[in-house]
Amino acid sequence: MVGPAADGFAGSTWGERPLLTRAEDLPRGFEDLLSAGAVDELVSRRGLRTPFLRVAKQGSTLPDRSFTAGGGVGAAVGDQVSDDKLVHLFADGSTMVLQGLHRTWPPLVDLSQALAADLGHPVQVNAYVTPPQSRGFDDHYDVHDVFVLQVEGEKRWRIHEPVHPRPLRDQPWTAHRAAVEEEAAREPLIDVVLRPGDCLYLPRGYLHAATALGGVSTHLTIGVHAWTRHALADQLVRAALADLAEDEEVRASLPLGARVEDPASTADDLELVRDRLLRAVEAVDAARLAAPLGAQVRANQRAEPVGPLAQLRAAQEVETSGDAGGLVLRAHLAATVEERPDGSALLRSRAGDLPLAAEDVAPVRRLLDVDPPAVGDETAGGRDRSTGGAADLGPDLARRLVLAGVLVPR
């Protein structure tokens, strides 16, 4: 998505400055990811509900009831997207925002999973479909980095300097509304028209607003929710506080008559706590943060999509034939094995937790000793996906792993 700038992107661009890459500098366009027909299918035939769709006009988000309706007989759902209402709203200048496409549209499910694995940061995908000469949202900033992929039509983007650089997820632009409006009134840092196949990268915090030109404009926004040092600090302090809970002096009650609202009343106690907290922070080993951070990694993205019917058939075939050779490790599992003192273990992954007997640990470790490839890439990293050891697991363990969503049919 960044073309010739790929070599220096990680060192000089990521998280630092915007980057525009024109279609002619990229190997292919984006029309295979989302087309006009795909948009029509999603809003008219897929039974989408809020919040998978938002509608906005001239900077304001419309209430859900303006574009939803009941599902009719046999679908007692009151907030399904109404294609009839959308026809009128879109013709009247409203922008459709298809949210969570990394969960609902297969090409973008595959792209987002592969991209998240490459970047090491969670990824989401939205689409913005804007009628001619219309603007969806006022100048604002996002709390995540974005790659804007122009799919159809043309859209003018105006980019301004951050008013709050590198915002965290709980620091939205609305908390700096006056500064945003003041900066937006100045000359833009970038004023550019995106055409089909162009890509624009914006680090979190950069102000932006976009207006469709001429015809209908559709662009994808790939949001990258970057891990930050603040996230590490949060886990570090949590671990230190857990240790302080074992310190009897820190657990002690304050004196009778304490006035915690008076700094002078708590000065000595605060100094003791500060000293113990600093010592606790210094004592936390980095390896101790792996488990809670790993849990967040697993929660932030999905594993490769899996079909319940296909999994049951695969489990039955293993049970009948005793052969697990046709199975492969499910992609994007983020799986780890946590061993226990008795030799047993817990297999943790995006498919859930699975207890392992002592004799299962070694074969499962061999199974995981292959980097899972991107969806559809059978030779990721130059290693065939079938070499993870599934055939050596034995039918009973293989069947359990299939039903647990760890192994899938090739």
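Below, each value reflects all heavy atoms present in this structure, side chains not excepted, and no hydrogens, waters or symmetry copies.
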### Query
Heavy-atom distance under 4.5 Å between the side chains of V406 and V364, does that happen here?
no

### Query
If you count the non-hydrogen atoms of other residues, nucleotides and ligands that lie under 6.0 Å from CZ in R251, is the total more than 12?
yes

### Message
Let's go through D234 and R238 carefully: what are the C-alpha distance in whole Å and the side-chain angles of both, what is the deciding distance for salt bridge (Lys or Arg N to Asp or Glu O under 4.0 Å) to 0.1 Å, and is it a yes or a no?
### Response
CA-CA 6 Å; D234 178 70; R238 287 171 184 261; 2.8 Å; yes

### Task
Could you please spell out the steps behind the side chain to side chain contact (heavy atoms under 4.5 Å, CB included) verdict for H102 and V123?
CA-CA 8 Å; H102 57 290; V123 168; 5.9 Å; no

### Summary
Closest heavy-atom pair, P292 versus Q235, reported as atoms and distance to 0.1 Å, is CB-OE1, 3.3 Å

### Sidechain-backbone polar pair: E152 side chain, T218 backbone, donor-acceptor under 3.5 Å
no

### Heavy-atom closest pair, residues V148 and T221
CG2-OG1, 4.4 Å

### Query
Do H208 and H140 have their ring centres less than 6.0 Å from each other?
yes

### Task
Look at the rings of H176 and Y141 and say which category their plane angle falls in: under 30° parallel, 30 to 60° tilted, over 60° perpendicular.
tilted

### Task
Could you tell me whether the side chain of R330 and the main chain of E304 form a donor-acceptor pair under 3.5 Å?
yes

### Query
Where do L20 and L194 land on the side chain to side chain contact (heavy atoms under 4.5 Å, CB included) test, with the steps shown first?
CA-CA 9 Å; L20 173 64; L194 294 190; 3.4 Å; yes

### Query
Under 3.5 Å, is there a donor-acceptor pair between the side chain of D92 and the main chain of H88?
no

### Message
Test side chain to side chain contact (heavy atoms under 4.5 Å, CB included) on H164 and Q171; report intermediate values, then the result.
### Response
CA-CA 9 Å; H164 184 64; Q171 296 176 325; 3.1 Å; yes

### Task
Identify the two heavy atoms, one from A398 and one from V318, that lie closest to each other, and give their separation to 0.1 Å.
CB-CG1, 4.2 Å

### Task
Give a yes or no on whether the backbone of D79 and the side-chain of R49 come within a donor-acceptor separation of less than 3.5 Å.
no

### Message
Between Q150 (side chain only) and G153 (backbone N and O only), is there a donor and an acceptor less than 3.5 Å apart?
### Response
yes

### Query
For the atom pair NE2 (H219) and CG (L34), what is the distance rounded to the nearest 0.5 Å?
11.5 Å

### Message
Closer than 3.5 angstrom, by distance alone: can the side chain of S44 be matched with the main-chain N or O of D40 as a donor-acceptor pair?
### Response
yes

### Message
Are L53 and L86 packed together at the side-chain level, in the sense that at least one heavy-atom pair is separated by less than 4.5 angstrom?
### Response
yes

### Summary
dist I222:CD1 -> L149:CG (nearest 0.5 Å) comes out at 4.5 Å

#### Entry: Nearest heavy atoms of A212 and P131, plus distance in Å
CB-O, 3.3 Å

### Message
Tell me whether K57 contacts the main-chain N or O of L89 through its side chain, where contact means a donor paired with an acceptor under 3.5 Å.
### Response
no

### Query
Can you tell if the side chain of L272 reaches within under 4.5 Å of the side chain of V250, non-hydrogen atoms only?
yes

### Query
Can you find a pair of side-chain heavy atoms, one from L98 and one from L48, that are under 4.5 Å apart?
yes

### Message
Looking at R166, I'd like to know if its CZ atom is crowded, meaning that more than 12 non-hydrogen atoms belonging to other residues, nucleotides or ligands lie closer than 6.0 Å.
### Response
no

### Atom CD of E187: over 12 foreign heavy atoms under 6.0 Å
no

### Query
Looking at side-chain heavy atoms only, is the closest gap between D139 and E181 below 4.5 Å?
no

### Task
Give a yes or no on whether the backbone of G100 and the side-chain of N126 come within a donor-acceptor separation of less than 3.5 Å.
yes

### Message
Could you measure the distance from the CD atom of E161 to the CD atom of E183? Nearest 0.5 Å is fine.
### Response
6.5 Å

### Task
Taking the side chain as every heavy atom from C-beta outward, state whether E317 and V402 have any atom pair closer than 4.5 Å.
no

### Reported CG-to-CG distance for the pair L202 and D145, which is rounded to 0.5 angstrom
9.0 Å

### Query
Between H225 and H144, what is the ring plane arrangement, given parallel below 30°, perpendicular above 60°, and tilted in between?
tilted

### Message
Tell me the closest heavy-atom pair linking V224 and W14, and the distance in Å.
### Response
CG1-CH2, 3.6 Å

### Message
Side chains of L401 and L329, heavy atoms from C-beta outward: is any pair under 4.5 Å?
### Response
no

### Message
Just checking R22: does its CZ atom have more than 12 heavy atoms from other residues, nucleotides or ligands closer to it than 6.0 angstrom?
### Response
yes

### Query
How about V408 and V328: do any of their side-chain heavy atoms sit closer than 4.5 Å?
yes

### Query
Should the pair E282-R279 be classified as a salt bridge under the 4.0 Å nitrogen-to-oxygen rule?
no

### Summary
Nearest heavy-atom approach of Y206 to R17 is OH-CA, 3.9 Å

### Task
Please check if the side chain of R298 supplies one atom and the backbone of R348 the other of a donor-acceptor pair under 3.5 Å.
no

### Query
Considering residues, nucleotides and ligands other than R103, do more than 12 of their heavy atoms fall under 6.0 Å from its CZ?
no

### Task
Might you confirm whether atom CZ of R186 has over 12 heavy atoms from other residues, nucleotides or ligands at distances under 6.0 Å?
yes

### Query
Side chain of R350, backbone of V297: donor and acceptor closer than 3.5 Å?
yes

